[in-house]
Amino acid sequence: AIAWHLNAVATLISLFAGMAPLPVWARAFRRSGAILLYAVAPALGTVLAIQWSQSLWRPAAALTFWLTVGLLHPFVPNMHSDFETLVLGTNRFAVEIADQCSGLEGVGLMLIFCVSWLWFFRREYYFPRALIIIPLAMIFIFLLNTLRIAALVLIGDAGFRRIAVVGFHSQAGWIAFNAAAFAVAI
């Protein structure tokens, strides 16, 4: 692992050295001021939030499972659900809510987005009242993930398995995050 990381650092240094000499990079960093910090801090915060949240994935997956079952039950009377395996679906299509599908990645991303947004535009908001945006956005993105999984089951049950698994499964998560981030920004 140490050799891998050293290799990555050496590759990065070589890449930058190949693009421009070291004095050019030094001048660029001096002139950019706090921009580098503004770029690195949210990225680092996102990585740390995702790593911390991994211990919560299993309980969150269970909550997502129960919310999805409750959401689908009125619309899919022949639905099957197994809490032990977190598998739900119909006779035609079923999904397993894996730990990664719990919605916590979206929650972590939304946390970092909201904190960054409020920091960058702190002069435009009334504090501490503006801090209510953070938990509301995190709950909103978690519920959107539940809707995503419910829609996935409905699309697959309607006979569009390939669309559900290949296209909708991953793309709907990013669309939901972008929509939620846009709502926060508005």
Side-chain angles (χ1 to χ4, degrees), residues 1 4 8 39 41-118 120 130-186:
W4 187 88
L44 182 61
T46 301
V47 169
L48 294 175
I50 289 172
Q51 288 179 348
W52 172 77
S53 72
Q54 287 177 346
S55 64
L56 302 173
W57 278 6
R58 189 67 181 167
L63 178 59
T64 301
F65 175 82
W66 284 113
L67 289 171
T68 307
V69 167
L71 183 65
L72 284 174
H73 187 69
F75 304 105
V76 185
N78 63 341
M79 186 176 61
H80 306 286
S81 59
D82 181 9
F83 181 72
E84 294 299 318
T85 60
L86 298 182
V87 173
L88 65 105
T90 66
N91 294 334
R92 297 175 59 174
F93 186 78
V95 298
E96 175 188 356
I97 300 179
D99 294 347
Q100 297 84 352
C101 300
S102 66
L104 283 187
E105 284 182 340
V107 169
L109 288 171
M110 187 55 65
L111 171 65
I112 298 303
F113 175 80
C114 289
V115 169
S116 300
W117 183 267
L118 290 173
F120 293 139
L131 295 176
I132 192 70
I133 291 172
I134 297 171
L136 291 178
M138 291 169 64
I139 291 168
F140 183 56
I141 195 69
F142 190 80
L143 294 176
L144 282 178
N145 183 60
T146 300
L147 286 173
R148 176 186 71 92
I149 294 171
L152 179 71
V153 171
L154 293 174
I155 292 168
D157 185 56
F160 303 105
R161 292 174 184 230
R162 186 157 167 77
I163 291 172
V165 174
V166 176
F168 186 81
H169 178 256
S170 62
Q171 300 307 318
W174 281 109
I175 292 169
F177 175 77
N178 289 329
F182 183 71
V184 167
I186 293 300

From [atom1] ([X]) to [atom2] ([Y]), nearest 0.5 Å:
{"X": "Leu111", "Y": "Leu104", "atom1": "CG", "atom2": "CG", "answer": "11.5 Å"}
{"X": "Phe113", "Y": "Ile141", "atom1": "CZ", "atom2": "CD1", "answer": "10.5 Å"}
{"X": "Ile97", "Y": "Thr64", "atom1": "CD1", "atom2": "OG1", "answer": "6.0 Å"}
{"X": "Ile149", "Y": "Thr68", "atom1": "CD1", "atom2": "OG1", "answer": "4.5 Å"}
{"X": "Asp157", "Y": "Leu72", "atom1": "CG", "atom2": "CG", "answer": "9.5 Å"}
{"X": "Leu152", "Y": "Phe160", "atom1": "CG", "atom2": "CZ", "answer": "13.5 Å"}

Going through the checks in order, is the side chain to side chain contact (heavy atoms under 4.5 Å, CB included) test met by Leu109 and Trp174? CA-CA 11 Å; Leu109 288 171; Trp174 281 109; 4.1 Å; yes

Contact check, side chains of [X] and [Y], non-hydrogen atoms, under 4.5 Å:
{"X": "Leu67", "Y": "Phe142", "result": "yes"}
{"X": "Leu88", "Y": "Met79", "result": "yes"}
{"X": "Asn91", "Y": "His80", "result": "yes"}
{"X": "Val184", "Y": "Met110", "result": "yes"}
{"X": "Leu86", "Y": "Arg58", "result": "yes"}

Please find the pair of heavy atoms, one from [X] and one from [Y], that lie closest to each other, and give the distance.
{"X": "Val153", "Y": "Gly89", "result": "CG1-CA, 4.3 Å"}
{"X": "Ala130", "Y": "Leu118", "result": "O-CD1, 3.8 Å"}
{"X": "Ala137", "Y": "Cys114", "result": "CB-SG, 3.5 Å"}
{"X": "Phe93", "Y": "Ala164", "result": "CZ-CB, 4.1 Å"}
{"X": "Gly173", "Y": "Arg148", "result": "N-CD, 3.4 Å"}

